[in-house]
Amino acid sequence: MVGPLVRSATAKGAYVNFRLDSAAFVSATLTAALERGSEYGHRPVAGPMASVEHTSANPTGPFHIGRVRNAIIGDTLARVLRAAGTPTTTQYYVDDMGRQATMITWIWSKASSEWPEPIRRAVEGPALTDEKPDARLGRPYPAVSAYLKEDGTAREEVAELIRQIELGTPPSRHRELAQEILGGMLESLARLHIRFDEFVWESDFLRDGSVERVLERLHHAPHAVREENGAWAIDASGYGLPQESGRVVFQRADGTSLYVLRDVAFHLAKFSRFERVVDVLGQDHRLHARTLDALLHEYGEPRVPTYLIYQDITVPEGGRMSTRGGSAVWLDQLLTEAVSRARREVLARREDLVESDVDRIAEAVGAGAIRFHIVRVAPEKPVVFRWEDALSFEGRSGPFVQYSYARAASVLRKSGSDQGPFAFDPAKLTDAEELALIRIVARFPRVVADAARTMHVQSLAGFAHDLADQFNRFYHAVPVLRSGEERASRIALVAAVRQTLGNALELLGIPRLETM
RNA sequence: GGGCGCGUAGCCUAGCUUGGAUAGGGCAUCGGGUUCCUAACCCGGGGGUCGAGGGUUCAAAUCCCUCCGCGCCCGCCA
């Protein structure tokens with residue numbers, strides 16, 4: 001039991017207490033953090049590849065923050081997996097085949113003078129041209145959706161477009177419209193430092209024949225049944241699925257494919273490239289996930305994806321965020337609000353900054369506040385959106401962590417040896433606040449590995465807060481630059497904290513600020 | 001009705017997978033701290049039947065059962 005780091009082990013009641021060799025522990029921790037630098041807490045990249053599919057929102061309009069929860073959880077997970085040594089590809093599944101995207105094409109295929117009156121009325125308002133494409137092109141969407149419920153002729157027009165898409169002859173502007181809207185959506189996510197490695201278009205699985213191949217095999221699956229009207233289904237009674245019919249239809253009577261069938265094709269493609277396949281899904285997709293598992297099993301694919309399910313973000317009045325109900329809080333709106341508030345905070349305490357620095361800091365703080373606010377809560381917990389919580393810059397928040405990082409950076413700047421080398425003597429780091437701080441720094445690699453294994457991305461936020469919190473205590477209790485013979489060692493400790501805090505912020509996708 | 005998820009101080013939340021020491025934080029509240037390395041900070045106080053009940057165990061927020069409340073889903077939609 002006793003080794004290089006353990007000085008003694010004693011039994012106490014039901015516990016064994018280990019006493020660490022403090023100097024060796026301090027030395028090992030600081031050396032690791034300082035020498036490994038941006039790789040501290042990471043493991044070498046090796047081994048099986050992973051795919052993380054997240055966000056995948058229909059290209060029909062701007063993000064509301066309910067959808068953004070998916071993006072933030074997924075992006076953080078991908079970062080954590082990579083840090084834990086798993087080569088990870090993020091995938092955005094673009095649904096260009098469903099009614100949603102088709103409704104957009106339907107309305108924009110008409111000159112606005114031909115738009116049905118209720119839709120035209122709904123989008124009347126200030127000039128639309130300076131809006132982002134997702135906002136501009138997505139504007140009629142809620143009205144179109146409502147209109148189709150009332151108007152059978154329009155519904156039939158949309159159905160005809162869907163058939164054309166299925167046949168591989170989509171309306172001319174179909175994909176371009178989706179692409180343009182998606183571009184606007186991604187612009188917003190980029191402000192949260194969320195980007196994707198791949199965009200997978202649903203229609204591609206039809207075009208390349210993989211849906212057809214899946215179909216051939218599924219027709220001969222163990223529990224495949226043909227309905228009287230010609231539709232194909234799986235008798236899912238053995239899978240414990242709650243469908244009232246007991247069946248999962250995967251091909252319509254007219255021979256066209258259903259979403260879950262295309263998703264089977266997508267996942268087979270994933271399994272051919274990735275060892276670990278993770279889907280980040282809202283809780284409303286739980287049943288879809290189980291259905292997909294059942295179909296993969298019927299197909300003969302032994303693997304199933306790992307699902308990271310998150311609960312909806314609701315509004316205080318109750319209910320999910322709804323575009324139609326007008327209860328949605330848009331990401332762009334939230335960003336604008338967060339950044340302008342951050343700007344006020346910066347201006348209130350800094351008079352020495354040039355305008356461009358104020359803007360840059362405000363943008364980083366606003367984005368940091370939003371990301372942290374979402375990721376700090378376990379995905380399976382429901383979240384009620386409240387402005388005052390989302391815009392909190394104090395306590396357990398992104399800006400608090402960013403501030404602590406900037407504070408450490410400031411100390412190092414003033415130390416005159418910002419970039420090191422950092423020499424330390426463990427015998428000089430004996431204060432209780434110092435040791436507490438070092439213990440948290442030492443935890444980081446474990447936190448990253450555990451988060452990757454359990455997909456508990458919220459623990460990264462917890463760690464970042466704990467480290468920032470203890471650093472602030474240390475900062476108040478222990479002088480660094482004004483200290484005597486401990487000075488060099490304390491500077492090294494601050495450097496190790498800056499590095500670790502910076503690495504944690506990187507995993508959270510929150511910008512590091514050298515000053516704020 | 002069935003399936004799945006959630007329930008921890010006034011509010012928000014960690015811990016639950018792998019059961020262990022006085023259940024950690026944050027917001028709010030009350031009281032303090034700035035001639036000194038960034039006060040987006042720090043120190044201190046008050047505030048808890050871990051939804052309820054039962055069970056397993058030397059030991060339960062954590063595992064099992066029942067119940068209650070809330071959410072989601074149960075389409076030839078996506």
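All values derive from a computational prediction rather than experimental measurement. Chain letters run A, B, ... following the sequence lines, proteins first, then strands; residues in each count from 1.
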Could you work out the separation of [N] and [M] based on their [atom1] atoms and round it to a whole Å?
N: B:rG25; M: B:rC58; atom1: C1'; value: 31 Å
N: B:rG15; M: B:rC6; atom1: P; value: 12 Å
N: B:rG24; M: B:rU66; atom1: P; value: 32 Å
N: B:rA39; M: B:rG32; atom1: C1'; value: 14 Å
N: B:rA52; M: B:rG69; atom1: P; value: 15 Å
N: B:rC50; M: B:rU13; atom1: C1'; value: 13 Å
N: B:rC41; M: B:rA28; atom1: P; value: 10 Å

Salt bridge or not between A:E227 and A:R247? Use side-chain N to carboxylate O under 4.0 Å. yes
Salt bridge between A:R360 and A:D357, side-chain N to carboxylate O under 4.0 Å? yes
How long is the line joining [atom1] of [X] and [atom2] of [N], in whole Å?
X: A:H288; N: B:rC74; atom1: NE2; atom2: P; answer: 12 Å
X: A:Y307; N: B:rC4; atom1: OH; atom2: P; answer: 16 Å
X: A:F471; N: B:rC42; atom1: CZ; atom2: C1'; answer: 13 Å
X: A:R252; N: B:rC76; atom1: CZ; atom2: C1'; answer: 6 Å
X: A:F400; N: B:rU38; atom1: CZ; atom2: C1'; answer: 13 Å
X: A:E388; N: B:rG10; atom1: CD; atom2: C1'; answer: 14 Å
X: A:E486; N: B:rC37; atom1: CD; atom2: C1'; answer: 15 Å
X: A:I162; N: B:rG75; atom1: CD1; atom2: P; answer: 19 Å

[X] side chain, from C-beta outward: closest of [options]:
X: A:A378; options: B:rC37, B:rG3, B:rA14; value: B:rA14
X: A:D312; options: B:rU38, B:rC72, B:rG15; value: B:rC72
X: A:L287; options: B:rU38, B:rC73, B:rG7; value: B:rC73
X: A:L258; options: B:rC36, B:rC77, B:rG5; value: B:rC77
X: A:R320; options: B:rC72, B:rC42, B:rA39; value: B:rC72
X: A:Q283; options: B:rG71, B:rC12, B:rA39; value: B:rG71
X: A:T454; options: B:rC37, B:rC12, B:rU17; value: B:rU17
X: A:V249; options: B:rC73, B:rC76, B:rA14; value: B:rC76

Does [X] reach a base, just sugar-phosphate, or nothing at all? Heavy atoms under 4.0 Å.
X: A:V480; result: base
X: A:N58; result: sugar-phosphate
X: A:R482; result: base
X: A:V478; result: base
X: A:Q458; result: sugar-phosphate
X: A:V494; result: nothing
X: A:Y475; result: base
X: A:V260; result: nothing
X: A:M97; result: nothing

Using the ring of each side chain (for Trp, its six-membered ring), is A:Y259 parallel, tilted or perpendicular to A:Y93, with breaks at 30° and 60°? tilted
Parallel, tilted or perpendicular: rings of A:F471 and A:Y475 (30°, 60°): tilted
In Å, rounded to the nearest 0.5 Å, how long is the span from [atom1] of [X] to [atom2] of [Y]?
X: A:I374; Y: A:Y310; atom1: CD1; atom2: OH; value: 10.5 Å
X: A:R175; Y: A:I165; atom1: CZ; atom2: CD1; value: 11.5 Å
X: A:R163; Y: A:T256; atom1: CZ; atom2: OG1; value: 8.5 Å

Looking at A:R67, I want to see if its CZ is surrounded by more than 12 non-hydrogen atoms of other residues, nucleotides or ligands under 6.0 Å. no
Can you tell me if NE2 on A:H288 sees more than 12 non-hydrogen neighbours from other groups inside 6.0 Å? yes
Have a look at A:R69 and tell me which of A:V377, A:T55, A:V375, A:D312 forms a side chain to side chain contact (heavy atoms under 4.5 Å, CB included) with it. A:V377
Establish, yes or no, whether the cationic atom of A:K270 lies under 6.0 Å from the six-membered ring centre of A:F266 and within 45° of the ring axis. yes
Using Watson-Crick or G-U wobble geometry with both distances below 3.5 Å, tell me the partner of [N], or none.
N: B:rC6; result: B:rG69
N: B:rC63; result: B:rG55
N: B:rG1; result: B:rC74
N: B:rG44; result: B:rC30
N: B:rU38; result: none

The residue, A:R286 or A:V383, whose nearest nucleotide of RNA chain B is more 5′ is A:R286
Of A:G98 and A:D450, the one whose closest RNA chain B nucleotide lies more 5': A:D450
N or O in side chain of [X] less than 4.0 angstrom from [N] OP1/OP2:
X: A:Q311; N: B:rC70; answer: no
X: A:R247; N: B:rG75; answer: no
X: A:K381; N: B:rU8; answer: no

Distance alone, cut at 3.5 Å: any donor-acceptor contact between the side chains of [X] and [Y]?
X: A:S415; Y: A:R487; answer: no
X: A:Q251; Y: A:H219; answer: yes
X: A:Q311; Y: A:Q283; answer: yes

Pairs under 3.5 Å (N/O, protein and nucleotides 23-30 of chain B):
from, atom 1, to, atom 2, distance (Å)
B:rG26, O2', A:R396, N, 3.3

Strictly under 3.5 Å: I want the nitrogen or oxygen pairs between protein and nucleotides 46-48 of chain B, one per line.
none

Report yes if a donor N or O on one partner sits less than 3.5 Å from an acceptor N or O on the other, where the partners are the side chain of A:R453 and the base of B:rU18; otherwise report no. yes
